[in-house]
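Here's the structure, in structure tokens; my notes come after.
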Amino acid sequence: MSNPPEPVRVLIADDQKLLRESFRVLVDAEPGLRVVGLAEDGDAAVRLALEEQPDVVLMDVRMPGLDGIEATRQIRSHPDATGVRVLVLTMFDMDSYVFDALRAGAGGFLLKDVAPADLVRAIRTVAAGEGLLAPSVTYRLIEEFCRLPRGAPDVSDSLAPLTGREREVLLLVVKGLTNMEIAGELHVSMATVKTYIGRLLDKLGARDRVQLVIAGYEHGLVTPVKRG
């Protein structure tokens, strides 16, 4: 009989005690998830991340002293925390928070009004190494990159290193599908999808799935639809 998989270890960083405890109760109630620490500010989050080596840090943005963005940057750049991923949670979807969090190395960005089931799913997604953004945040991110000055994208040149299948996988990533959903869509194994994702990251010089989404829009694979 095989041993059960190790639980996803979660560190919660939020300056509001009520929210810390609420998240703790929610996470600990889920099979396969376990809270390994609670941090009331960014300094504590960095210290506990290095001590406990969680799989995922739920990181608030606005905290006294060291804020969540700088705490994320310190964790993600530390050589002893390479396996620690950060999921940023905030009440505000302001552009500066989104871009700063992603530049700092966050693997996901969600608003605190997210449904409990969606938060749990997000923790598992980020723990598996897949980037995740709230839908409203995704649009803001793409809209900002589309405003950046540059020449018209040439899909044939920009994505020339990609095979037809790799472009197909990239398009599904841009649409927000998970590895499991991509496997089902293309009728291939999860291992095959992971191989394609690895090739895309390498060929496009992307750090994670979030950057793959950006690349898809930047290189003209998908054109964003402007809101009225």
Side-chain angles (χ1 to χ4, degrees), residues 7-49 52 54-76 81 84-145 176-178 208-211 213-214 227:
V8 174
R9 305 171 76 252
V10 180
L11 169 64
I12 299 170
D14 198 296
D15 64 328
Q16 297 185 47
K17 184 176 181 180
L18 179 60
L19 285 177
R20 287 199 306 273
E21 289 298 327
S22 297
F23 287 139
R24 181 188 64 78
V25 171
L26 172 65
V27 173
D28 274 341
E30 285 295 320
L33 301 182
R34 179 160 64 91
V35 174
V36 296
L38 300 174
E40 70 279 3
D41 56 36
D43 289 306
V46 174
R47 175 175 54 80
L48 288 173
E52 300 294 340
D55 299 298
V56 177
V57 180
L58 290 185
M59 184 76 77
D60 185 24
V61 171
R62 287 186 169 181
M63 293 186 288
L66 193 71
D67 65 23
I69 302 299
E70 182 57 31
T72 297
R73 183 177 293 107
Q74 290 189 20
I75 291 170
R76 292 294 295 151
V84 179
R85 298 181 173 89
V86 179
L87 174 58
V88 171
L89 291 172
T90 182
M91 294 295 295
F92 313 95
D93 63 346
M94 293 171 59
D95 294 349
S96 59
Y97 288 161
V98 178
F99 306 138
D100 288 347
L102 296 179
R103 280 193 291 265
F109 193 107
L110 289 177
L111 303 183
K112 284 184 178 178
D113 61 0
V114 63
D118 291 335
L119 177 58
V120 169
R121 193 156 40 243
I123 292 171
R124 298 186 192 279
T125 297
V126 172
E130 300 185 26
L132 182 143
L133 295 173
S136 64
V137 171
T138 300
Y139 185 88
R140 286 171 177 266
L141 177 68
I142 298 308
E143 189 176 54
E144 175 65 16
F145 273 84
L177 274 66
T178 65
D208 52 32
R209 294 173 78 98
V210 173
Q211 291 194 343
V213 172
I214 293 169
R227 291 178 294 188

Extract all donor-acceptor atom pairs below 3.5 Å that involve side chains of residues 37-48 and protein atoms in other chains or at least two apart in sequence.
residue	atom	partner	partner atom	Å
Asp41	OD1	Asp43	N	3.3
Asp41	OD1	Ala44	N	2.8

Report the distance from atom CD1 of Ile69 to atom CE of Met63, rounding to the nearest 0.5 Å.
-> 9.0 Å
Using a 4.5 Å cut-off on heavy atoms from C-beta on, say whether the side chain of Glu30 contacts that of Val10.
-> no
Interatomic distance, Arg73 atom CZ to Leu66 atom CG [nearest 0.5 angstrom] | 9.5 Å
If you take all heavy atoms of Val84 and Arg76, which pair is closest and at what distance?
-> O-NH1, 3.0 Å
Are Arg20 and Asp60 within salt-bridge range, i.e. N to O under 4.0 Å?
-> no
Sequence neighbours left out, what passes side-chain contact (heavy atoms from CB on, under 4.5 Å) with Leu26? Give chain and number order.
-> Pro116, Leu119, Val120
Val61 side chain reached by Asp67 side chain, heavy atoms, under 4.5 Å = no
For Ala122 and Leu110 the tightest heavy-atom approach is CB-CD1, 3.4 Å
What's the shortest heavy-atom distance between Asp28 and Val35, and which atoms?
-> OD1-N, 2.9 Å
Can you name the closest pair of heavy atoms from Val126 and Gly107 and give their distance?
-> CG2-O, 4.1 Å
To the nearest 0.5 angstrom, please state how far the CG atom of Asp55 sits from the CZ atom of Arg34.
-> 9.5 Å
Going from CD1 on Ile12 to CG on Leu87, what distance comes out if it is rounded to the nearest 0.5 angstrom?
-> 11.0 Å
With the side chain counted from C-beta on, respond yes when Leu33 and Arg124 share a heavy-atom pair under 4.5 Å apart, and no when they do not.
-> yes
Backbone N or O of Gly68 within a donor-acceptor pair of the Arg62 side chain at under 3.5 Å?
-> no
